[in-house]
Amino acid sequence: MCTAVLLCMQEPADTTITIQNVEVTGMSRQRQQMKSSQNSVQVGKDYLEEHLSGSLMQTLQGIPGVKAMSIGSGLSKPTIRGLGFNRMAVTEDGVKHEGQQWGDDHGLEIDQFAVDRAEVVKGPAALLYGSDAIGGVLNLFTTHIPERPVEGTVQLVGRSNNESLGGSAKIGGRLGKFIYRAHATYVDYADYKVPTDSIQYYSYWIRLKNGRLRNTAGRERSGSLMLGYAGYNFHTDVRISDTYSKSGFFANAHGLEVRLSNIDYDRSRRDIDLPYQWVNHLKVLSHTSWTDEHTSLELNLAYQNNVREELSEPVSHGYMPTPDGSLERRFVKNTFTGQLTLHRQLSERHELNAGLNGEYQHNRRAGWGFIIPDFETLSMGAYAFDRFTITEQLILNAGLRYDHARTSIHAYHDWYKTPSLTPNPSPTGEGSEEPYMVAKQRSADMVRHFNSLTWSAGVNWRTGEWVLKANVGKSFRVPIPKELGADGVNYHIFRYERGNANLSPEESYQFDAGISWNHDRLSVQLDPYVNYFPNYIYLNPTSSYVEGLQMYHYMQARVLRCGFEAEVDYQIHRQWQASLKGEYLYAEQLSGPKRGYTLPFSTPWSVDADVRYTFRRLFERRPGGMGFVALNVHVVGRQARVVPPERPTDGYFTLNASAGKHFTLGKLLTLKVALRADNLLNRRYYDHTSYYRLIDVPEPGRNFSLTAGLDF
């Protein structure tokens, strides 16, 4: 089901060429839709710059079906049609990004300023990437090839809500057939503001100084370097990138112990006190491709090193004594990835794509807190995808994939002792009812093997102004070590989590359809889908409590999910454009103790209404002087279908605006200015997918952001 992803790697994106004020589109909208039977959306550099927000996913969440699960103002996780974490894959330049993505309280370790374009593939794409692509794929590309000896971009960014200040610079060039590119980014932000002066946490009222969430400041820095050779039919390059971030956790969300802390959290809105986290992600990627008239080969090799630490004030819990030091958790993950793909044009109408990929993960933990054990995972897969063009109006495709995965989990015992639940054996062999102290085992040694055969089939049909497409198939997901072996407190989600060593691979059967109609100035798009899981893995809330927190246990159930995305675009006038887009998701558990309920943190319906005015010749006659002004109304419905102990979340709406202008300063210089205003009315509202909603923390208040960039 990865048609769009696969073809995107083989074919260039839609381009626009400007010749003397005449814009010639390189690929019509219908032709773009006929490339794949699966629903996908591509956005370029201009979209990313105009919608630039606090994180990459907040920048992309204007795309129907895409949401950002936010923790604070600079951290967010991607979701596609309500599926996130290890149910969707994120790739960077064709290689699956691997960090500690199971974590709920940190974002993607990817510099959004380095991304040149992005593609969102909706629905299962496991045919190309295997496990984790069961819900979709977010493809990110930093593959722009310079055309001149020296070219680049400098950007400055500021945001009012959290007083964020940042800068980014990119330089690259071509010297004959050799190419180079370097990039660097730095961002520093303060505690962010919410439209309230207090919150309620476990019946305690907590005052907020000047409406700021104390200790939510942070900083980010990243850099990358690419060196390569670009010949006529041979291309190879090596890319090195490093991304670092440090951010505080909202102090009052980390536990009520903060009331006894000696830290003055209101001393400064830019300092980062305990508790906080830092994450560093190093990636080394090698990309090589060779093409001739009918065949192309592509090889990607990558090494990724992800280090993440959580630090907090040492506090005793239960039988655990007060720890030495503030290192609560540390995770070090090393990932090795290899991928070989083949594209063969068998005839004028017949294409074959095939591939092999493998991945090895090695993860080690440290610190006085525990939630997941040490583990290693090895996965291998092979696929073949066939595309046959019957006529220009009718295209068929089908694919098959086989995967094998091996997960090895290591035993872990607490570093302190607790009373045993078994009797104390006496020297005489007679049992004693008195418990004795032991180091409790949190996880046991375990080796699990998983095998899966997946498939997909699709059709594209174009008739007149209509494009109809459908895709059906099966995909899978291997249970991650956290689901198999977790046993600890997740402070940031306010619960105790326990894994299930008997989980089986998650399977999904899905039908996707796309219906589009394009006529003159009006276009309509409807993308319905139905998704059935025989054994969906989720955290089930129980009636038990451990260390004062509610116990959540991983289990499996039959689940039905269905929904749609819809979009209508109307070109009112040459310079006026209006659009209406929305999405809806319905989910229901068909078995298990929560039968009849939806899934936790299910996204409610939403609608966006936009109007945009594009102007020319405000300061100059050349197309480089084009600018725009846009107004957006974002409406989200009430979510009353919840899973106990969840509570319903009221609906809301926000008013947002944006504007941008390009100034041509010379033959090779262009100044780009973009202004955004989010939540103009400073409304107090809650996002149903936000974990901070559980402790009465609303979403950020009014925010203005300004981006100024110079292309040369």
Just by modelled atom types, is the [Y] backbone N or O under 3.5 Å from a matching donor or acceptor in the [X] side chain?
| X | Y | answer |
| --- | --- | --- |
| Arg181 | Thr142 | yes |
| Gln577 | Arg612 | no |
| Asn703 | Asn161 | yes |
| Asp191 | Ala217 | yes |
| Asp696 | Gln200 | yes |
| Gln58 | Leu56 | no |

So, do Thr707 and Val673 sit near enough that their side-chain heavy atoms are less than 4.5 Å apart?
no
Would you say the side chains of [X] and [Y] form a donor-acceptor pair under 3.5 Å?
| X | Y | result |
| --- | --- | --- |
| Asp111 | Ser222 | yes |
| Ser312 | Glu328 | yes |
| Arg207 | Ser198 | no |
| His634 | Ser606 | no |
| Thr59 | Gln112 | yes |
| His144 | Asp116 | no |
| Asn679 | Thr654 | no |
| Asn306 | Glu109 | yes |

Surrounding CZ of Arg638 (heavy atoms of other residues, nucleotides or ligands, distance under 6.0 Å), is the total greater than 12?
yes
Cationic tip of [X] above [Y] ring, under 6.0 Å, 45° of axis:
| X | Y | result |
| --- | --- | --- |
| Arg308 | Phe331 | no |
| Arg159 | Tyr189 | no |
| Arg81 | Tyr529 | yes |
| Lys170 | Phe113 | no |
| Arg221 | Tyr186 | no |
| Arg693 | Tyr686 | no |

Less than 4.0 angstrom from a charged side-chain N to a carboxylate O is my criterion; do Glu98 and Lys96 meet it?
yes
Parallel, tilted or perpendicular: ring planes of His97 versus His281, cut at 30 and 60 degrees:
tilted
